[in-house]
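Notes for the one structure printed next.
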Amino acid sequence: MSEARTLVVAEQIDGRLSAAVARVVAAAAGIGAPIDLLVVGSQASQAAQQAARLEGVAAVICVEDSAFDHLLAENTAALIQSLAGPYSHLLSASTTGGRSLMPRVAALLGVGQVSDIIAVESPDTFVRPIYAGSVVATVRSLDDRKVVTVRPTAFEPVGEQDGVDVANAASTGDQRLARFVSEQLAEGERPELGGARVIVSGGRGLGSAENFRLIEALADRLDAAVGASRAAVDAGYVPNDLQVGQTGRMVAPELYIAAGISGAVQHLAGMKDSKVIVAINSDEEAPIFQVADYGLVADLFEALPELERKL
Ligand code: FAD
């Protein structure tokens, strides 16, 4: 490795690039080195065409082999190790796939991993939240290669460019250490939490699964996804794939409406990057009001139906 160069590991499903990739490329741009993108798995060549049009990408490397579907860590880490030679930085999104893959990459390369960065200060210095976002740490990596996962919601996606070259690279194949068995995706008619433009979230203040229909009704009116606090999930009001927060989903929609949610740090960790936050809570001292752009001190059982009617 003579000069700095960054490899972004892209996720794709059925030939479609994950929306997080354009955000990871934005983080990579902050490093200031040329950026290559690695696209792997079945139908990788289709996703590679999309990757080639992401602004700031110098070249795309494509390895079409089902061994890398779902970024299966055991297989994909071996491939990345074989390609790592010229790269000073290796980045991926801190999604489930990236979080599984990159520590293995770091171990194979004999370096540490910098996790879940929210800003790039310089090629060796990164900012990352710790303690559920209540402390922001600036960390410097002294390793000769930096293996980094990126919190996608902290970066605005890059735009488009004229397509660059896509080169095929040799597959390192199936390492026969693990096998992908199945995946179950919750299907619903509402937008998916991770990509939703608007999210309406409810907490313990709703009081029951039945009352949660107030949240769902407002969400349907706004074509929004439904989210929840952990207390609402633990109480059985909604399934746990709707949980937003440190141990749930990280979201950053245009509009996040939180009703009956107190605003514990673990909840804020998952939604405080939202562009506009609206809080409805009967307790004017609730910490959620500290991050809210618009706060309504009100009984949600009156405010939510009224809001829905007015909309
Ligand atoms: P509460 O804190 O009980 O708040 C309910 C709110 O509703 C109150 O503010 C109350 O004033 C209001 N309210 C009540 N009635 C009404 C009404 N009629 N009208 C209007 N407002 C009303 N939490 C998460 O959300 N996500 C996570 O990922 C997460 N991870 C965690 C990880 C760890 C390791 C730990 C220890 C905790 C985690 N938690 C998480 C839990 C977190 O600490 C809080 O317990 C939880 O977020 C509280 O949920 P809540 O705001 O719905 O409930």
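Atoms within each ligand, like the ligands themselves, are counted from 1 in listed order. Quick note: numbers below take in every heavy atom, side chains included, and nothing from hydrogens, waters or symmetry partners.
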Discussion item. Would D220 and R190 count as a salt bridge (Lys or Arg N to Asp or Glu O under 4.0 Å) here? Give the steps.
Written reply: CA-CA 7 Å; D220 289 342; R190 297 195 183 90; 2.7 Å; yes

My understanding is that we take every heavy atom of each candidate and find the minimum distance to [atom]. Doing that for [options], which one comes out nearest?
| atom | options | result |
| --- | --- | --- |
| atom 7 (O) of ligand 1 | G260, A303, A264, A286 | G260 |
| atom 32 (C) of ligand 1 | R204, M271, R230 | R230 |
| atom 13 (N) of ligand 1 | G248, A231, G205 | G205 |

Do me a favour and list the nearest non-hydrogen protein atom to [atom] with residue, atom name and distance?
| atom | value |
| --- | --- |
| atom 30 (N) of ligand 1 | T247 OG1, 2.6 Å |
| atom 35 (C) of ligand 1 | Q266 NE2, 3.7 Å |
| atom 19 (N) of ligand 1 | L300 N, 2.9 Å |
| atom 22 (C) of ligand 1 | S282 OG, 3.3 Å |
| atom 26 (N) of ligand 1 | V244 O, 2.8 Å |
| atom 10 (C) of ligand 1 | N281 OD1, 3.6 Å |
| atom 27 (C) of ligand 1 | Q243 NE2, 3.1 Å |

Item to complete: Measure A298 to ligand 1 on non-hydrogen atoms and call it side chain, backbone, both or neither using the 4.0 Å cut-off.
Response: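 Within the 4.0 Å criterion, A298 contacts ligand 1 through backbone atoms alone.
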
Discussion item. I need the contact type for S262 against ligand 1. Using non-hydrogen atoms and a strict under-4.0 Å cut-off, is it side chain, backbone, both or neither?
Written reply: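 It is both backbone and side chain that touch ligand 1.
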
Discussion item. Before you tell me yes or no, could you show the steps for E74 and L101 under side-chain contact (heavy atoms from CB on, under 4.5 Å), namely the whole-Å CA-CA distance, both residues' side-chain angles and the distance that decides it to 0.1 Å?
Written reply: CA-CA 8 Å; E74 290 77 2; L101 170 67; over 6 Å; no

Worksheet item: Nearest protein heavy atom to atom 51 (O) of ligand 1: under 4.0 Å?
Response: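 Given the 4.0 Å limit, the answer for atom 51 (O) of ligand 1 is yes, a protein heavy atom qualifies.
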
Pull out every atom of ligand 1 sitting under 4.0 Å from any heavy atom of [X], numbered as shown with elements.
| X | answer |
| --- | --- |
| Q246 | 27 (C), 28 (O), 32 (C) |
| G203 | 52 (O) |
| S229 | 25 (O), 49 (O), 50 (P), 52 (O) |
| F301 | 18 (N) |
| G245 | 26 (N), 27 (C), 28 (O) |
| D299 | 17 (C), 18 (N), 19 (N) |

Worksheet item: Can E254 and R197 be said to form a salt bridge (Lys or Arg N to Asp or Glu O under 4.0 Å), step by step?
Response: CA-CA 5 Å; E254 300 287 321; R197 218 176 50 79; 5.5 Å; no

Worksheet entry | side chain to side chain contact (heavy atoms under 4.5 Å, CB included), paired with V158, selected from V57, V24, L54 |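 Of V57, V24, L54, side chain to side chain contact (heavy atoms under 4.5 Å, CB included) with V158 is met by L54 alone.
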
Worksheet item: Charged N to carboxylate O below 4.0 Å: is that the case for R5 and D36?
Response: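 A salt bridge is present here (some side-chain N lies under 4.0 Å from a carboxylate O).
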
Discussion item. For R128, is there an ion pair with D116 - N to carboxylate O distance below 4.0 angstrom?
Written reply: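 Judged by the 4.0 Å cut-off on N to carboxylate O distance, D116 and R128 do not form a salt bridge.
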
Worksheet item: Nearest heavy-atom pair of R230 and T247: which atoms, and what distance?
Response: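 Nearest pair, atom of R230 first, then T247: NH1-OG1, 3.3 Å.
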
Practice prompt. Could you tell me which non-hydrogen atom of V25 sits nearest to which non-hydrogen atom of L37, and how far apart they are?
Written response: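 That closest heavy-atom pairing would be CG2-CD1, 3.7 Å.
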
Item to complete: Could you tell me how the ring of F180 sits relative to the ring of H70: parallel (under 30°), tilted (30 to 60°) or perpendicular (over 60°)?
Response: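 Judged by the thresholds at 30° and 60°, the geometry between F180 and H70 is parallel.
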
Worksheet entry | Linked, directly or transitively: V164 and L38 (ILVMFWY side chains, under 4.5 Å) |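 Cluster IDs for V164 and L38 differ.
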
Discussion item. Evaluate E11 against R16 for salt bridge (Lys or Arg N to Asp or Glu O under 4.0 Å), listing each step before the verdict.
Written reply: CA-CA 9 Å; E11 279 179 83; R16 268 178 300 114; over 6 Å; no

Fill in: H89 (side chain) donor-acceptor with L7 (main chain) under 3.5 angstrom
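No, H89 side chain to L7 backbone: no donor-acceptor pair under 3.5 Å.
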
